[in-house]
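Remarks on the structure that follows.
The first residue in the sequence is number 1, and the count goes up from there. Everything numeric in this text was worked out from a predicted model, so none of it was measured. Both ligands and their constituent atoms are indexed starting at 1 by order of listing.
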Amino acid sequence: MSTTATANSLPSASFPVRRMDFSFAETKKYWWSDEPFMTQFMNNLSSLFPHGEMFFVNSVRAVRDRITDPQLKKDISAFIGQEAMHSKEHATYNEYAAAHGIDLEKLDLRIKVLLEWVTKVTTKKQRLAATCALEHFTATMAEQLLKREDLTTQIDDPKMYQLWMWHAIEENEHKAVCYDAYQAIGGGYFTRTISMMITTVIFLSVLGWFQLHLLRKDGQLFNGRAWKRGLTTLFSPRNGFFTKLIGPYLDYYRPGFHPFDHETKALEQTWRQRLGFSN
Ligand SMILES: [Fe+2]
Ligand SMILES: [Fe+2]
């Protein structure tokens, strides 16, 4: 794995673009604590990224020429670099899945078709608002991964651990870029929050659909023990992964909300050091 930052080409962006090159050839099938449900849940999330992240890139690229703030322009370039790298590495992830008979490319293709349709029926501003909404999901989910060692110590594979924690750091590093671009082009509260509502329905429906599909194809659909453990991890009232997202999610609807209201700078720094990143 290489972690060379392109600091020379982007001297003043607020965060670097790290070049990564993962291989998952050694990764076992159930790399999350030997659990089918949670492994397939993470596979499910990963299947959204190759085309999802390119949708984010295209949404921001479409308004880039309307941005005048020099710092934001540089951060947009770095954002595009980070998201393009996430897209590439999560496409590599599909090779791990294929080696174990898990067809993520089919799901990947469904996302492509869905996003092509979204692109046809929406305006540039609406797509940027949808991207802001999804960036809020990725940032808050990533923040939780960075904070929850009770969860991340269940990742049994070193490459998967590095991939998810690298991605989690960068989602927080760049979490304000789309939001700032949206505000810079005159995006307002109404479109932002309506887009979040619509995006939430689509995002959760896709996650549920893909989860059932992956468990069914894996012969785990009626594995009660796997469901019990998985649902507890995701929805336990005390510390379920989704339960803990409710507060940060609702905060997005607050007038005056900004992604940096959720302070994660120290957390990012801790994890940069842990993964051995020089910046
Ligand atoms: Fe990403
Ligand atoms: Fe992102």
Side-chain angles (χ1 to χ4, degrees), residues 1 3 5-6 10 13-22 42-64 72 74-94 104 107-108 111-112 115 118 127-146 159-183 187 192 195-196 199-200 202-203 206-207 245 248-249 252 257-262 264-265 267-268 271-272 275 277:
M1 180 180 67
T3 59
T6 54
L10 297 166
S14 308
F15 47 87
V17 180
R18 303 178 181 90
R19 305 283 168 208
M20 310 300 275
D21 191 15
F22 287 100
M42 300 305 279
N43 293 343
N44 182 352
L45 284 178
S46 181
S47 77
L48 311 179
F49 290 131
H51 290 289
E53 307 258 28
M54 290 320 291
F55 175 81
F56 300 169
V57 166
N58 292 335
S59 300
V60 180
R61 207 175 252 155
V63 301
R64 195 190 204 172
L72 183 54
K74 280 176 182 140
D75 288 348
I76 285 174
S77 296
F79 169 86
I80 290 172
Q82 285 194 341
E83 295 292 40
M85 190 59 57
H86 300 169
S87 172
K88 173 174 122 24
E89 294 307 311
H90 281 275
T92 303
Y93 186 114
N94 289 354
L104 289 190
L107 302 184
D108 208 1
I111 294 297
K112 181 173 184 276
L115 293 175
V118 169
R127 287 197 289 284
L128 189 59
T131 300
C132 291
L134 287 164
E135 280 287 280
H136 186 60
F137 272 110
T138 55
T140 52
M141 290 167 95
E143 179 181 349
Q144 204 179 161
L145 275 188
L146 297 175
K159 291 291 163 68
M160 282 294 177
Y161 185 78
Q162 284 162 356
L163 170 86
W164 287 103
M165 302 323 286
W166 157 69
H167 196 161
I169 293 169
E170 295 195 349
E171 286 307 318
N172 277 282
E173 286 175 338
H174 72 224
K175 66 184 170 187
V177 174
C178 285
Y179 196 93
D180 289 342
Y182 175 74
Q183 290 198 314
R192 172 169 79 80
S195 297
M196 177 52 113
T199 302
T200 302
I202 296 174
F203 178 58
V206 168
L207 272 185
L245 287 175
Y249 170 76
Y252 191 82
F257 163 84
H258 188 274
F260 282 159
D261 295 342
H262 298 189
T264 52
K265 295 274 183 233
L267 194 60
E268 291 160 34
W271 277 96
R272 279 192 290 266
L275 295 195
F277 295 155

> Residues two or more places apart in sequence or in another chain: which of them pass ring pair (Phe, Tyr, Trp, His ring centres under 6.0 Å) with F56?
Replying inline: none
>> Using modelled atom types and a 3.5 Å cut-off, is there a donor and acceptor pairing between side-chain atoms of T131 and backbone atoms of R127?
In response: yes
>> Treating R192 as the side-chain partner and Y252 as the backbone partner, does any N or O pair qualify as donor plus acceptor under 3.5 Å?
In response: yes
> Of all residues at least two apart in sequence or in a different chain, which pass the salt bridge (Lys or Arg N to Asp or Glu O under 4.0 Å) check with E89?
Replying inline: none
> Ignoring water, what protein N, O or S atoms are under 2.8 Å from the Fe ion (ligand 1)?
Replying inline: E53 OE1, E53 OE2, E83 OE1, H86 ND1, H167 NE2, E171 OE2
>> Atom NZ of residue position K88 - does it have more than 12 heavy atoms of other residues, nucleotides or ligands inside 6.0 Å?
In response: yes
>> Could you identify the N, O or S atom of E135 positioned closest to the Fe ion (ligand 2)?
In response: OE2
> With sequence neighbours left out, what residues match H167 under ring pair (Phe, Tyr, Trp, His ring centres under 6.0 Å)?
Replying inline: F49, H86, H90
